[in-house]
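Remarks on the structure that follows.
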Amino acid sequence: MIGLIGAMTVEVELIKGSMTEKREETISGITFVQGKLEGVDCVAAVSGIGKVNAAMCAQTMILRYHPRLIINTGVAGGMGKGIKISDIVVADSVVQHDMDTSDLGDPKGFISGIDRIQIPCDEELNDKVRAAAGAVEGLACHQGIIATGDQFVGSKDKLNRLMEEFGAVACEMEGGSIGQVCYINKVPFTVVRAISDNANDDAHMDYPKFLKIAVKKSFELLTELMPLLA
Ligand code: ADE
């Protein structure tokens with residue numbers, strides 16, 4: 001069983017639409033759809049936006065469906081040169097950029113309990129993501145740190161801070177908390193997102209304009225990826 005999590009309905013509807021042998025169940029307000037995608041057993045869910053929603057979804061999915069790995073799919077804001085709208089970014093690790101106990105002497109982003117800043121994604125899974133991206137015509141795939149926080153990043157100042165403090169190549173609002181849940185439960189995971197905006201002063205215009213195009217890219221990649229996970 002492969003777990004697939006997207007934050008918003010638009011990020012999961014193509015997945016649900018092409019799943020077969022579907023069965024639905026709602027737990028704690030989150031609907032989980034179990035079935036097959038490209039012939040591979042999976043469970044897909046819309047978590048809702050933000051770290052708390054995403055953590056609830058990942059933990060519930062793990063306890064109820066025991067997925068052997070979890071993929072967080074959807075869109076992200078791209079950061080840095082060479083990362084363009086519609087490109088794919090796969091996380092080699094995730095951070096929670098709004099976790100801040102620096103006034104107590106911790107480094108920014110330090111997550112107490114797991115006692116680390118960066119949460120590593122599964123390398124074997126990422127090898128397969130890159131292979132799948134290579135099979136999609138004209139798709140550029142970047143790898144790096146994805147920064148998660150409970151905020152939409154839409155200004156040059158915020159963008160620069162995340163790049164400087166965390167070396168992030170993309171930002172979004174769920175991957176870092178799904179990562180924390182997976183890390184604690186020893187479930188391999190990754191975050192694979194298509195770029196919908198550049199997290200800069202134009203992001204509030206680009207995001208609604210390119211959301212659906214980016215979602216489609218993520219889905220195309222997932223379609224190539226699933227058979228590699230069989
Ligand atoms: N998801 C897509 N674009 C984003 C941005 N700029 N900030 C946070 N999450 C996003």
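Model, not experiment: these values are computed from the prediction. Every number for a ligand or one of its atoms is a count from 1 in the order of the listing.
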Problem set entry | Sidechain N-carboxylate O distance under 4.0 Å for K156, D201 | no
For this session: Below 4.0 Å from any atom of ligand 1, which residues have a heavy atom? Give them in chain and number order, please.
Result: V75, A76, G77, Q151, F152, V153, C171, E172, M173, S196, D197, A199, Y207
Exercise. How many angstroms lie between atom CG of L221 and atom NZ of K216, to the nearest 0.5 angstrom?
Worked result: 13.5 Å
For this session: Using a strict 4.0 Å threshold on nitrogen-to-oxygen distance, state whether K16 and E24 make a salt bridge.
Result: no
Problem set entry | Donor-acceptor side-chain pairing of D100 and S102 below 3.5 angstrom | yes
Exercise. So how far is it from I178 CD1 to I71 CD1, rounded to the nearest 0.5 Å?
Worked result: 11.5 Å
Exercise. Considering residues, nucleotides and ligands other than K22, do more than 12 of their heavy atoms fall under 6.0 Å from its NZ?
Worked result: yes
